[in-house]
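Here is the structure we will look at, set down as structure tokens.
Since the structure is predicted, the reported quantities are computational estimates derived from the model, not experimental observations. One is the number of the first residue; the rest follow in order along the sequence.
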Amino acid sequence: MIALREIVYKVSIEAVIGSTDIPVHSVDFDSRKIGSNDLFVAIRGIQSNGHDFIKKAIEQGAVAIVCDTFPDEIASGITYIQVKDTNKALAFIAANYFGNPSSELQLVGVTGTNGKTTIASLLYQLFQKAGYKVGLLSTVKIMVDVAEHKATHTTPDSITINRFLREMVDHGVTHCFMEVSSHGIHQKRTEALQFAGGVFTNLSHDHLDYHSTFAEYRDVKKSFFDFLPKTAFALVNIDDKNGAVMLQNTNARKLTYALKSYANYRAQILESQMSGLLMKINDNEVWVRLIGTFNAYNLLAIYGVATELGLDSLEVLRLLSELESVSGRFQYIISNDKITAIVDYAHTPDALENVLRTINDVRTKNEQLITIVGCGGDRDKTKRPIMAGIATSLSDKVIITSDNPRTEDPETIIAEMESGIEPQNFKKSISITDRKQAIKTACQLAQPNDIILIAGKGHETYQEIKGVRYDFDDMKIVKELLSELGK
């Protein structure tokens, strides 16, 4: 049990009814999880309003309520705390409840449109190889040293973040690498965390279903750097025009990385092959197993972070050469017929273009590039025609199919994608709604040495249709189909 007054330390309180000198057993923002002597934080979410469940939380045993508006009915013996922003209050409450674990390890946040998962995951991999106990909070999974937990969001809620950080500290973890999404920043989930550093990768078209304008999307990302402390570092991709924007108001130590511009951390691609890259990083050459210009940026950011966290720069280069690609990020297999099947999470126009240009840079042009692409339902609709346009302009054949249609009609999504195909490229494309059939068709069309790119879902092992998740693993399915077809 912890005193309520300790749990609400640093929370900006506007009014209190009752006493804060009471013991609290646990904290939650989900009324269904509230039990005896708990604190309930009423959050105004996109789909529901926690203020509607205050009465239910009290019935289930809550002794204290944090809300932005006092309810009409004030229950006797219950402490009510009014705050301006319950999301922000929850961030501090969660940190306090779990003993501010972020201050007990080196926490680095990675934000940007593309590259967050790769950078965070490979930093986890690199520091493990260097002999550290490491934590990871990513889209793909959550790692507490070597124990794996399922991830449900790119940036989890404040309670989940702090609960796992506490578990990491208790297990001797010294470094944690965390993806920081624009949703997570906007909803104040990272507000009370103490970061040792922040990384900005790039900014391109994404999440405009949530952020009404690109400027708002950019400014939300920027706010992450605005609140970094003086003790932290801010490492940004200065080749991206928004890199300098991220540094404008930060108190953190300002650092840059680039392939094209003068920067603290610089790199050059000397060779690019399907098996890897030969890079020069700050005047030292290194061969890495990842490919493409986008991965050169990712690896340079990793080199910068590891160096800033005190690792020897030559040792970091050695460790970079050992890193292996992240699940669903340019993950590929080569069949008996030398057909290369690539699975990549590319679900934004910029990411799709990067992957396709990377493939085109290393291929001989004597083979076909067959791309399978879809767009998710209930998400930013404006990128649908753009992605189909990019796929058909940079591929020999394109199969437009379902991604995660969620509550939308997949054929409507496909029609919206088709509207972005240039007339001269229309003959390159076919539309097959069933994703497995689309992959099978690509496998049937593929000849020896051809390349199949399956874009959009990457590491996901499900397909969400009308609120139901069905088992669906792109890599597993393409392996099985190529084998069945004797290729």
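- In this structure, Arg166 fails the cation-pi test against Phe98, since its NZ or CZ atom is not both closer than 6.0 Å to the six-membered ring centre and inside 45 degrees of the ring normal.
- A 4.5 Å side-chain heavy-atom check between Ile342 and Ile359 finds at least one atom pair inside the cut-off.
- Considering OG1 of Thr358 and CZ of Arg363, their distance stands at 13.0 Å, rounded to 0.5 Å.
- Side chains of Glu418 and Ser429: no donor on one and acceptor on the other come within 3.5 Å.
- Minimum heavy-atom separation, Tyr345 to His459: CE1-CE1, 3.7 Å.
- Donor-acceptor pairing under 3.5 Å is recorded for the side chains of Thr139 and Glu179.
- Asp450 has no carboxylate O lying under 4.0 Å from a charged side-chain N of Lys338, or vice versa, which leaves the two without a salt bridge.
- For the atom pair CG of Asp403 and CD of Glu408, the computed distance is 11.5 Å after rounding to the nearest 0.5 Å.
- With values rounded to the nearest 0.5 angstrom, Ile432 atom CD1 is found 5.0 Å from Ile399 atom CD1.
- Looking at Asn295, its side chain never comes within 3.5 Å of a backbone N or O of Leu290 through a donor-acceptor pair.
- Residues Asp239 and Ser261 bring a donor and an acceptor atom of their side chains to less than 3.5 Å of each other.
- Remark: of the listed residues Gln463, Glu464, Glu460, Glu460 is the sole one forming a side chain to side chain donor-acceptor pair (under 3.5 Å) with Asn404.
- Separation of atoms CD1 (Ile421) and OG (Ser393) is listed at 10.5 Å; rounding is to 0.5 Å.
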Practice task
For ring pair (Phe, Tyr, Trp, His ring centres under 6.0 Å), just list the numbers for Tyr265 and Tyr303, CA-CA rounded to whole Å, side-chain angles, deciding distance to a tenth of an Å, and then say yes or no.
Solution key: CA-CA 8 Å; Tyr265 295 99; Tyr303 175 84; 5.8 Å; yes

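- A donor-acceptor contact shorter than 3.5 Å is absent between the side chain of Lys116 and the backbone of Val110.
- Judged by distance alone, the side chain of Asn237 and the main-chain N or O of Thr201 form a donor-acceptor pair under 3.5 Å.
- Side chain of Asp28 to backbone of Phe40: no donor-acceptor contact under 3.5 angstrom is found.
- The main-chain N or O of Thr461 is never found under 3.5 Å from a side-chain atom of Asp473 such that the two would form a donor-acceptor pair.
- Judged by a 6.0 Å distance limit and a 45° cone about the ring axis, Lys222 is not positioned over the six-membered ring of Tyr217.
- Side-chain contact, Asp226 with Ser223: no donor N or O sits under 3.5 Å from an acceptor N or O.
- In summary, of the residues considered (Phe195, Phe127, Tyr124), a ring pair (Phe, Tyr, Trp, His ring centres under 6.0 Å) with Phe177 occurs for Phe127 alone.
- At a cut-off of 3.5 Å, with distance as the only test, no side-chain donor of Ser335 or Lys487 sits close to an acceptor on the other residue.
- Judged purely by atom type and a 3.5 angstrom limit, Tyr332 uses its side chain to pair as donor or acceptor with the backbone of Met274.
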Exercise for the section: Show your working on side-chain contact (heavy atoms from CB on, under 4.5 Å) between Asp145 and Gln128 and close with a plain yes or no. Expected result: CA-CA 8 Å; Asp145 191 15; Gln128 264 206 325; 4.3 Å; yes

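- With Glu324 as the partner, the salt bridge (charged side-chain N to carboxylate O under 4.0 Å, His left out) test is satisfied by one option alone out of Lys129, Arg329, Arg289: Arg289.
- Atoms CG and CG, on Asp350 and Leu203 in that order, are 9.5 Å from each other to the nearest 0.5 Å.
- A distance-only check finds a donor-acceptor pair linking the side chain of Ser181 to the backbone of Gly184 [under 3.5 Å].
- Note that the CG atom of Asp396 and the CG atom of Leu445 stand 11.5 Å from one another [nearest 0.5 Å].
- A donor-acceptor pair is defined here as one N or O able to donate and one able to accept, closer than 3.5 Å; such a pair exists between the side chain of His51 and the backbone of Asp68.
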